[in-house]
Amino acid sequence: VKGDEVSFPNAALTPENSVNGEITIAKSLLDPSGKQKLKVSLTGFATRLNNAIIRERFQQSNGSPILISGIDTFNIFANVNASRADVYGISANLNYIILSNLELNSSFNWTKGKVLEPNERPLSHIPPVYGRVSLKYQKEKWSLQYVSRYNAKKPIEEYGDSSDNPEYATPEGALAWHTMNLYANYNFTDKIQLSVGLENLMDKHYRQFASGVSAPGRNAIITLRGKF
């Protein structure tokens with residue numbers, strides 16, 4: 001049960017199958033000493049789902065689309081097979097050694113999904129554009145790393161069925177957000193390490209896509225690791 005919805009089993013449900021394709025283009029550049037200076041990669045992928053499993057309104061054996069339990073009335077939903085659905089997107093990564101002890105990393109992901117038959121519409125569980133940028137300084141026993149994580153906006157019209165939890169979104173959909181985070185590590189010995197993290201430095205209020213719970217605000221993490 002979820003809100004005013006209840007899930008029913010579907011005896012007619014069959015397994016989905018997929019046809020997948022992926023292509024990656026990567027390039028590395030070396031510095032004069034022969035060490036890797038820069039590496040970039042771009043991956044494109046596509047999946048065709050046949051008999052894709054999606055969540056839709058359903059009926060009882062008597063044809064009723066609702067279930068009455070005591071004083072409560074629920075709309076009936078179930079997993080059913082769609083004829084076809086597509087998932088496709090791109091993923092990009094970058095690694096750049098700025099100096100011998102300063103390194104830049106970045107990742108970017110874009111995914112789209114839609115049910116083709118019956119009735120073309122968005123596919124559920126497709127995240128908005130998201131990625132990560134980090135800058136790390138490493139010197140002998142310690143390191144310092146800045147990390148920014150981000151999500152783009154997902155318009156409400158691109159939400160799939162109720163499993164995307166549109167009730168937790170704003171009227172416009174999932175809003176864009178980014179966080180600023182700082183991490184430090186110090187190795188006392190090769191077996192003892194201290195880690196300190198300061199996350200969401202700007203104390204930004206945001207929610208992950210499809211989540212009904214706000215993400216943590218500004219917080220600190222202290223970890224002592226030991227190997228024996």
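Predicted, not measured: the structure shown is a model, and the values here were computed from it. Residues: numbered from 1 along the sequence shown.
Note on L224 and L144: same hydrophobic cluster, where clusters join Ile, Leu, Val, Met, Phe, Trp and Tyr whose side-chain heavy atoms are under 4.5 Å apart, directly or indirectly. The hydrophobic cluster containing L116 does not contain V80, counting ILVMFWY residues as joined when their side-chain heavy atoms lie under 4.5 angstrom apart, directly or transitively. Hydrophobic clustering (side-chain heavy atoms under 4.5 Å, transitive across Ile, Leu, Val, Met, Phe, Trp, Tyr) groups Y146 together with L99. Residues I156 and V115 are members of separate hydrophobic clusters, defined by side-chain heavy-atom contacts under 4.5 angstrom among Ile, Leu, Val, Met, Phe, Trp and Tyr. Placement of L38 and F108 within a single hydrophobic cluster is found when ILVMFWY residues are connected by side-chain heavy-atom separations under 4.5 Å, directly or transitively.
Panel note: side chain K154, backbone I126; a donor-acceptor pair is recorded below 3.5 Å. A donor-acceptor pair under 3.5 Å is absent between the side-chain atoms of R207 and the main chain of L175, judged by distance alone. Judged by distance alone, the side chain of N165 and the main-chain N or O of E167 form no donor-acceptor pair under 3.5 Å. With hydrogens and angles ignored, the 3.5 Å screen pairs no side-chain donor or acceptor of D164 with any backbone N or O of A210. No donor-acceptor pair closer than 3.5 Å links the side chain of N51 to the backbone N or O of E16. Between the side chain of N79 and the main chain of I53, no donor-acceptor pair closer than 3.5 Å is present. Between the side chain of T170 and the main chain of G173, a donor-acceptor pair closer than 3.5 Å is present. In this structure, R218 contributes its side chain and L201 its backbone to a donor-acceptor pair below 3.5 Å.
A side-chain donor from one of S33 and D31 sits under 3.5 Å from a side-chain acceptor of the other. Of the N and O atoms on the side chains of N17 and N50, at least one donor lies less than 3.5 Å from an acceptor on the other residue. When only modelled atom types and interatomic distance are considered, N20 and T47 share a side-chain donor-acceptor pair under 3.5 Å.
The line from CG of N93 to CZ of R132 is 10.5 Å long, rounded to the nearest 0.5 Å. The distance from atom OG of S91 to atom CH2 of W110, rounded to the nearest 0.5 Å, is 12.5 Å. Taking CG of N109 as the start and CZ of F45 as the end, the distance is 7.5 Å to the nearest 0.5 Å. Remark: S214 OG to Q208 CD distance equals 10.5 Å, nearest 0.5 Å. For the atom pair N95 CG and K37 NZ, the distance stands at 11.0 Å (nearest 0.5 Å). Once rounded to the nearest 0.5 Å, the distance linking NE2 of H178 with CE of M202 reads 8.0 Å.
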Worked check of side chain to side chain contact (heavy atoms under 4.5 Å, CB included) between I97 and K35: CA-CA 10 Å; I97 307 300; K35 294 182 179 180; over 6 Å; no
Derivation of the salt bridge (charged side-chain N to carboxylate O under 4.0 Å, His left out) call for D86 and K114: CA-CA 6 Å; D86 279 347; K114 59 183 178 180; over 6 Å; no
Criterion side chain to side chain contact (heavy atoms under 4.5 Å, CB included) on I66 and F74, from CA distance to verdict: CA-CA 5 Å; I66 62 173; F74 301 98; over 6 Å; no
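Looking at heavy atoms from C-beta onward, L94 lies in side-chain contact with L104 at the 4.5 angstrom threshold. Between T223 and I221, the closest side-chain pair of non-hydrogen atoms falls below 4.5 Å. No side-chain heavy atom of I90 sits under 4.5 Å from any side-chain heavy atom of T43. Using a 4.5 Å cut-off on side-chain heavy atoms (C-beta onward), P128 and N151 make contact. By the 4.5 Å heavy-atom criterion applied to side chains, T111 and Y88 are not counted as neighbours. For the pair L135/Q145, no side-chain contact is recorded, criterion being any heavy-atom separation below 4.5 Å from C-beta on. E103 places none of its side-chain heavy atoms less than 4.5 Å from the side chain of Q138.
Scanning all heavy atoms of the two residues, the minimum distance from G217 to D203 falls at CA-OD1, 3.4 Å. Among all heavy-atom pairs drawn from L49 and A52, the shortest one is CB-CB, 3.8 Å. Scanning all heavy atoms of the two residues, the minimum distance from A176 to K153 falls at CB-N, 3.6 Å. The heavy-atom pair separating P216 from Y206 by the smallest distance is O-CE2, 4.3 Å. Between F8 and A78, the closest heavy-atom pair is O-CB, 3.3 Å. Here the closest non-hydrogen pair linking A169 and A174 is CB-N, 4.3 Å.
A centroid separation of less than 6.0 Å is found between the aromatic rings of Y137 and W142. In this structure, the ring of F209 has its center less than 6.0 angstrom from the ring center of Y159.
Counted within 6.0 Å of CD1 on I23, heavy atoms from surrounding residues, nucleotides or ligands total 12 or fewer; the atom is thus considered open.
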Residues 179-198, side-chain donor-acceptor partners within the protein, below 3.5 Å, at least two apart:
unit_1, atom_1, unit_2, atom_2, d
T179, OG1, N181, ND2, 3.1
N181, OD1, N200, N, 2.9
N181, ND2, V147, O, 3.1
Y183, OH, R149, NH1, 3.3
Y183, OH, E199, OE2, 2.7
N185, OD1, S195, OG, 2.5
N187, OD1, Q193, NE2, 3.0
T189, OG1, K191, N, 3.0
T189, OG1, I192, N, 3.1
Q193, OE1, R225, NH1, 3.2
S195, OG, R225, NH1, 2.8

